[in-house]
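One structure is given below, encoded as structure tokens.
Because the structure is predicted, anything quoted here is derived from the model rather than measured. Only this structure's heavy atoms are used, side chains among them; waters, hydrogens and symmetry mates stay out. Residue numbers start from 1 in every chain, and the chains themselves are labelled A, B, ... in the order their sequence lines are given, proteins ahead of strands.
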Amino acid sequence: MRRITGWLFDVYAFGDGVSVWLIDAEGAAHHLHDTLHPTFFVHGAPADLRRVCEWLTRARLPVRLARVERYDVFARRQMVVLQVAVQIPTLFATLVHRVATTFPMLDLFTADLSIAQVYFFERGVFPLAFCEAIVNDANLIVAMNTNDSRWALEYRLPPLRVMVLQMEGEHLNPNHGHRGALEITYEDRTYGISADDPREIIARVRAYLERGDPDLIITRWGDSFILPQLLQLARRYGLALPFNRDARIAPRPRPARSYFSYGRIIFKTMTHTLCGRWHIDLENASLLDYGLDGAFELARLTQQPVQQTVRTSTGTGINAMELATAYAHGYLIPYRKREPEEFKSARALMIADKGGLTYQPIAGIHHDVAELDFGSMYPTIMARFNVSPETIHCECCLDSRAPELGYSICRKQRGVVPDTLAPLIEKRFAYKRAKKDAPDAERKEWYRRLASAHKWLLVTCFGYLGYKNARFGKIEAHEAVTAYGREALLRAKDIVEQRGFRVLHALTDSLWIHKRKTQDVEYTELVAAIERATNLPIELEGIYKWVAFLASRVDAHNAVPHRYFGATRDGELKIRGIELRRRDTPEFIKQAQQAILDELARANTRVELIAALPRVLQIAAEYVDRLRVGQVALRDLAMTYCLSREPSAYQMNTLNAIVARELAGRGVNLQPGEAIRYIITDNAARVSSDRARAAEFWDGAWGYDVARYTELLVRAVETITQPLGLDAPALRAALACEHPNGQPRARLVTPIAPMAFGPLFEFAASKSIQQK
DNA sequence: TCCTCACGGGG
DNA sequence: GTGTACGTGAGGA
């Protein structure tokens, strides 16, 4: 018997059990084994259940059968079900599938959890949990204990050996034609790998993998290009390439797929996840603004393996947490609903119409404006008013009803969704507090990342509630939440106005208000009064020195609700909806807009804002100059767009379509949902293929269209200066730019700037934590 | 002027 | 392994 303490690193099914990897405090990886009997349940007519039993027994499948009672959350009663305990984890999914297809008349429960999830649930552990394993001489786990908790605010992470694998040069898509030598970085040194003989390349990658033995391989385009290419070469020459630390398992890629989400097509490339090691492809990971530290927190919380966590949405994370809640209660978990896509009913459309409240702001610049926000409004509503798919339309609580709609909501039994959310809201709040009191900047940043990871979980949980195919989704629950939200905002608006404030703008969970000569204590009283009236927490988000609500570009008399920017008293900028916030704005334009806003953030009064205009023009002029002398790098000029359809399906001859067709013509297989990057080379060119060039096939010789980029810059500057009285024609005059119409030909400039590397990844904060 | 196309919010 | 619907702006036809 041995005792091993360390962080739970990886879990997967293998042989007749599961493989479990721990990493200890010295950084050593331990490969252990455990048994697991994942269990699913079957419900149906007694005769059908007997047939399943006979079928399973006759086929001599490795299962233990029992008749048990379990609680069905949706039916809200105990049910007699057949329990099928699968003795060999690798057979679990296959068996479930065979039962489901052979006996379509039966209902399956708790049947589509991953083996890793079941293992975590059964052993009371989670990814990166610090635990203790007692193992026998065959490395079989006899007992597993942990004092670590998913709800622990402070925790240590294992010392990870990291290797970086990428192609030299700009991080352009190799699948779209970018080529560069392979680079491997570990222990602070970078090795270029170029050889004429592919066998030589494989041998060197293999040597580095064996020598470095990394826990974590970070790549760019590793999922879709580097790993598949290397593995294919290795296969062709019959060489072993130990990406998997578990040498018994050959790398098994999962194919690319497209799906419809958020009103558009999303494309996911193929993935290469590893066994006994992690692979994170930065080009195929959603680390948003929380980085690896946030991803580790999400893996711990949602009990999904790290490699899955970074490759899936936070919506999946919330779903996983809801499953964990249901599992812990011993509830039957409904098998994945797979209803085919259907057209929205008229009713569903009406509901959508009544989401959050949206006001039309008073356009222009306002001074001394307070913003009040209901923090995490929708999740808090779900938690506080017990809104969950199985608590809505409750028959035992007819006197407890959601506003407007009158749906009854159970008061006696806590719903799965509120039960999942309550501790999550609590933990996020704790991290926000910790961030405020952090002893140093590094620590503050670590808390910020963790709070941010939580934010994304909470934001998506509401959408999931309205998602037809979600296990814990129901449209009426979704409606009830927005109804509570509207009621709260309206009450808040009344209270604010009663106290003599003018509401300048209101949006779902926020109010922008103003009153002459307000004392700060009035805000404190206001917040308290609103909280009393709504039973929801509201905060003074900040007091703006000035804030601009933008007029519509189509109709200058109308303000639009989602485009505004402003500076608070502590000099912080809040920016929504404008170019700076958009994915498809070139980096160069974003930088210019940011620089101008930073300048304006220093102004405190109307007079100071106007006085800042010459400096704003100066900044704009500098950016125009940089464009003219060709000092802007490819990375800053690239236009990035997601394609919504096949290249040939475009009706309009937009730059997107032109570049998509260019790439397709070069043999690139572009999928709807995939992103393309390009440089505008000559926007006015008669031959459309000359107008823009895919970034992967652009070099200095092509130059870029100065006039076009200048025009984009002028528009972005106008967004900021228009409320101050400087519109595009005035800007063009001031900056000596020609008007885009009536312009003969764009002047082309060849850039001279070298293209440097940006930082690869951020890992500093978690490193420092583990050293403490 | 209409249509096509892509994007954001949330904290 | 997948949150929805709508409003906004840019630009081609």
Side-chain angles (χ1 to χ4, degrees), chain A residues 112 114 254-255 257-268 271 288-290 304 308 311-316 318-320 336-338 341 344 348-356 358 360 373-379 428-429 431-432 435 448 451-470 473 475 478 482 507-510 539 541-542 550-555 558 560-563 574-585 639-645 649-658 673 675 683 688 711-712 715 719 740:
Chain A
D112 50 3
S114 75
R254 270 204 309 254
R257 67 205 159 81
S258 290
Y259 59 88
F260 200 72
S261 153
Y262 221 109
R264 61 168 154 269
I265 292 182
I266 306 283
F267 172 74
K268 284 277 183 196
T271 58
L288 297 164
D289 61 338
Y290 48 71
Q304 301 178 109
Q308 262 91 298
R311 285 176 175 81
T312 57
S313 72
T314 47
T316 314
I318 268 292
N319 180 47
R336 156 179 53 189
K337 296 184 211 169
R338 258 192 281 192
E341 287 294 328
K344 289 270 169 291
L349 285 172
M350 261 173 55
I351 293 149
D353 228 7
K354 292 189 75 177
T358 302
Q360 193 170 48
D373 283 5
F374 287 100
S376 295
M377 183 195 235
Y378 287 163
R428 169 153 203 272
F429 189 61
Y431 277 134
K432 284 182 80 169
K435 190 182 112 189
R448 185 198 65 77
S452 166
H454 282 249
K455 171 196 73 191
W456 287 100
L457 272 181
L458 291 175
V459 161
T460 41
C461 73
F462 167 67
Y464 239 70
L465 196 63
Y467 179 39
K468 179 164 53 67
N469 286 342
I475 192 70
H478 194 271
T482 56
L507 215 48
T508 313
D509 56 0
S510 315
E539 269 187 343
E541 164 84 1
L550 296 183
S552 164
R553 274 208 154 123
V554 183
D555 172 11
N558 267 324
V560 291
H562 291 292
R563 285 164 60 86
K574 181 152 178 177
I575 301 155
R576 290 297 177 271
I578 65 172
E579 290 83 348
L580 190 45
R581 297 280 294 194
R582 291 176 66 99
R583 281 204 299 252
D584 57 355
T585 305
M639 317 285 290
T640 309
Y641 287 92
C642 284
L643 300 179
S644 60
R645 60 205 72 204
Y650 280 91
Q651 305 177 43
M652 296 274 178
N653 208 23
T654 58
L655 295 184
N656 285 6
I658 292 165
N683 196 49
S688 63
E711 179 57 19
L712 293 176
R715 300 255 187 98
T719 301

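The nucleotide whose nearest atom lies closest to any side-chain atom of Ser313(A) is, among dG3(C), dG11(C), dG11(B), dG3(C). Side-chain proximity of Phe462(A) to dG1(C), dG10(B), dG3(C): nearest is dG3(C). For Tyr464(A), the listed nucleotide lying nearest its side chain is dG3(C); candidates were dG11(B), dT8(C), dG3(C). When the nucleotides dG11(B), dG10(B), dG8(B) are ranked by their closest atom to the side chain of Val459(A), dG10(B) comes out on top. Set against dT4(B), dC7(B), dG1(C), the side chain of Cys642(A) has dC7(B) as its closest nucleotide. Comparing dG1(C), dG12(C), dG11(C) against the side chain of Leu712(A) picks out dG11(C) as the nearest. Here the nucleotide nearest the side chain of Asp509(A), chosen from dG10(B), dG9(C), dA6(B), is dG10(B). Side chain of Arg583(A), nearest nucleotide from dA6(B), dT4(B), dG8(B): dG8(B).
Although no hydrogens or angles enter the test, the distance criterion places no donor-acceptor pair under 3.5 Å between the side chain of Tyr641(A) and the main chain of Arg583(A). Between the Thr585(A) side chain and the Glu579(A) main chain, a donor and an acceptor come within less than 3.5 Å of each other. For Arg428(A) (side chain) and Ala451(A) (main-chain N/O), a donor-acceptor pair under 3.5 Å exists by modelled atom type.
Put simply, the side chain of Arg581(A) and the base of dG11(B) share a donor and an acceptor less than 3.5 Å apart. If you check distances only, the side chain of Arg576(A) does reach the base of dG11(B) with a donor-acceptor pair under 3.5 Å.
Among the heavy atoms of the strands lying under 4.0 Å from Gln308(A) are primed sugar atoms or P, OP1, OP2 only; no base atom is included. As judged by a 4.0 angstrom heavy-atom cut-off over every strand, Tyr650(A) is placed among residues touching the sugar-phosphate backbone only. Using a 4.0 Å heavy-atom criterion, one finds that Asp289(A) contacts the bases of the nucleic acid, with or without backbone contacts as well. Nucleic acid contact class of Cys461(A) (heavy atoms, under 4.0 Å, all strands): none. Within 4.0 Å (heavy atoms only), Ser552(A) reaches sugar-phosphate atoms of the nucleic acid but no base atom. Contacts of Arg254(A) with the nucleic acid, taken as non-hydrogen atoms under 4.0 Å apart, involve only primed sugar atoms and P, OP1 or OP2. The residue Gly466(A) sits apart from the nucleic acid: no heavy atom pair falls under 4.0 Å. Using a 4.0 Å heavy-atom cutoff across all strands shown, Thr460(A) reaches no nucleic acid atom at all. Heavy atoms of Lys268(A) sit nowhere under 4.0 angstrom from any nucleic acid atom.
Here dC7(B) presents its P atom at 8 Å from OH of Tyr641(A), a figure rounded to the nearest Å. As rounded to whole Å, 10 Å separates atom P of dG9(B) from atom CG of Leu507(A). Atom CZ of Arg582(A) and atom P of dA10(C) are 9 Å apart (whole Å). Rounded to a whole Å, the CD1 atom of Ile575(A) is 15 Å from the C1' atom of dG9(B). Between Lys574(A) atom NZ and dG8(B) atom C1' there is a gap of 14 Å when expressed in whole angstrom units. Per the geometry, CZ belonging to Arg428(A) stands 13 Å off P belonging to dG10(B), to the nearest Å. Straight-line distance from the CD atom of Gln360(A) to the P atom of dG7(C): 12 Å, rounded to whole Å. Put simply, CG on Asn558(A) is 10 Å from P on dG9(C), counting in whole angstrom units.
Between the side chains of Arg553(A) and Thr719(A), at least one donor-acceptor pair of N or O atoms lies under 3.5 Å.
For Arg553(A) and dT8(C), the shortest distance from a side-chain N or O to OP1 or OP2 is not below 4.0 Å. Between Arg311(A) and dG1(C) there is no side-chain polar atom (N or O) within less than 4.0 angstrom of OP1 or OP2.
Annotation: side chain of Phe374(A) is not in contact with side chain of Thr508(A) (no heavy-atom distance under 4.5 Å).
When each of Leu458(A), Thr460(A), Asn319(A), Val459(A) is tested with Thr314(A) by the rule side-chain contact (heavy atoms from CB on, under 4.5 Å), just one qualifies, namely Thr460(A).
Under the rule for a side-chain contact (heavy atoms from CB on, under 4.5 Å), the partners of Glu541(A) that lie at least two apart in sequence or sit in another chain are Glu371(A), Asp373(A), Lys574(A).
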